[in-house]
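Report on the following structure.
Throughout, protein chains are lettered first and strands after them, A, B, ... in sequence-line order, and every chain is numbered starting at 1. Heavy atoms only: backbone and side chains are in, while hydrogens, waters and symmetry mates are out.
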There are 2 protein chains.
Amino acid sequence: MARKFKITNNIRKLRFFANEMTQQELAKKAEVSRQTVNAIEASKYSPSLELAFRIADAFGVKIGDVFDYEVKGE
Amino acid sequence: MARKFKITNNIRKLRFFANEMTQQELAKKAEVSRQTVNAIEASKYSPSLELAFRIADAFGVKIGDVFDYEVKGE
DNA sequence: ACATTTTGTCAAGTATATTAGACATTGTTT
DNA sequence: AAACAATGTCTAATATACTTGACAAAATGT
């Protein structure tokens, strides 16, 4: 019955540790719009796998270091 | 100017090592249609991050063990 | 206090992922 | 050879991601 997953991310923390990189800068590095970065950081929706990779790349980390997922309820 | 990425995957190999698990079975485990599994395995398009996580989960491995990406040219 | 930057948010449009149904092809089993 | 399972592929519909433009709110700098 369609287990539900919730995807979480550490974008805020990663920006902080990257000398408080701005959403705008991240957007530029990942070649995506600022609004999209904002929405993803706020978990409004989850990105495509492609964008997820580009974001990880912008921080120089692995995709698993940016995004994680949890199975909701069991 | 919009670097191009290509996403690759090891689904075929992972199915093989999982006792030749069928696309149908993988589809069921990842709660996705068989056609989608087929298309993704053949790199016709890349999945959503959510589905990428579910596929990794179906094999009991990390997302980076299923998908990888390469920067095209440079 | 004023100006500037950063973030949050909305709406409407475009692009891409995912679906179901159907059928052809290939490989396997009897 | 006939039956069956697995894969490949197409089409049309629906869902979700992503875009631009614009404006308000919050934070930061002078």
**Report entry** Length of the line joining A:Gln24:CD and C:dT4:P, which is rounded to integer Å
**Finding:** 17 Å
Report task. Look at the side chain of B:Glu25 and the backbone N and O of B:Thr22, then say whether any donor-acceptor pair between them is shorter than 3.5 Å. Result -> yes
Query raised in the report: So what does B:Leu26 touch, heavy atoms closer than 4.0 Å: a base, only the sugar-phosphate, or nothing?
Result: nothing
Query raised in the report: Is a donor on one side and an acceptor on the other found under 3.5 Å between the side chain of B:Arg54 and the backbone of B:Glu31?
Result: yes
Query - Pairing of B:Arg12 and B:Glu20 as salt bridge, 4.0 angstrom limit - result: yes
Query raised in the report: Once you round it to whole Å, what is the distance between C1' of D:dT7 and CD1 of B:Ile11?
Result: 14 Å
Query raised in the report: Does the A:Asn9 side chain pair with the main chain of A:Ile40, one donor and one acceptor, at a distance under 3.5 Å?
Result: yes
Query raised in the report: Rounded to the Å, how far apart are B:Ile40 CD1 and C:dT16 C1'?
Result: 12 Å
Requested in this report: Would you please confirm or rule out a distance under 4.0 Å between OP1 or OP2 of D:dT19 and any side-chain N or O of A:Ser33?
Outcome: yes
Requested in this report: Quick one: pull up CG in A:Asp68 and CD1 in A:Ile7 and give me the separation to the nearest 0.5 Å.
Outcome: 9.5 Å
Query raised in the report: How does each nucleotide of nucleotides 22-30 of chain C score, in 5' to 3' order, for protein heavy atoms under 4.0 Å: base (B), sugar-phosphate only (S), or none (-)?
Result: B--------
Query - Pairwise side-chain contact, A:Leu49 with B:Phe67, heavy-atom cut-off 4.5 Å (strictly under) - result: yes
**Report entry** Residue A:Asn38, side-chain heavy atoms: nucleotide from C:dG8, C:dT18, D:dT9 that is nearest
**Finding:** C:dG8
Query - Value in whole Å for how far the P atom of C:dT6 lies from CZ of A:Arg12 - result: 13 Å
Requested in this report: Can you tell me the distance, in whole Å, between the NZ atom of B:Lys28 and the P atom of D:dA5?
Outcome: 15 Å
Query raised in the report: Heavy-atom contacts under 4.0 Å between residues 41-52 of chain A and DNA chain D, which residues?
Result: A:Tyr45, A:Ser46, A:Pro47, A:Ser48, A:Leu51
Query - Exam field: side chain A:Asn19 to backbone A:Met21, donor-acceptor pair closer than 3.5 Å - result: no
Requested in this report: Starting at atom CD of B:Glu31, determine the distance to atom P of D:dA15, rounded to an integer number of angstrom.
Outcome: 18 Å
Query raised in the report: Is there a path of hydrophobic side-chain contacts, each under 4.5 Å between heavy atoms of I, L, V, M, F, W or Y residues, that connects A:Val71 with B:Ile55?
Result: yes
Query raised in the report: Heavy atom of residues 14-23 of chain A under 4.0 Å from DNA chain C: which residues?
Result: A:Arg15, A:Thr22, A:Gln23
Query - Note: B:Arg15-B:Glu41 ion pair, threshold 4.0 Å (strictly below) - result: yes
Report task. Please round to the nearest 0.5 Å and tell me the distance separating atom CG of B:Leu14 and atom CG of B:Leu26. Result -> 9.0 Å
**Report entry** Derivation of the side chain to side chain contact (heavy atoms under 4.5 Å, CB included) call for B:Phe53 and B:Val66
**Finding:** CA-CA 9 Å; B:Phe53 268 123; B:Val66 183; over 6 Å; no
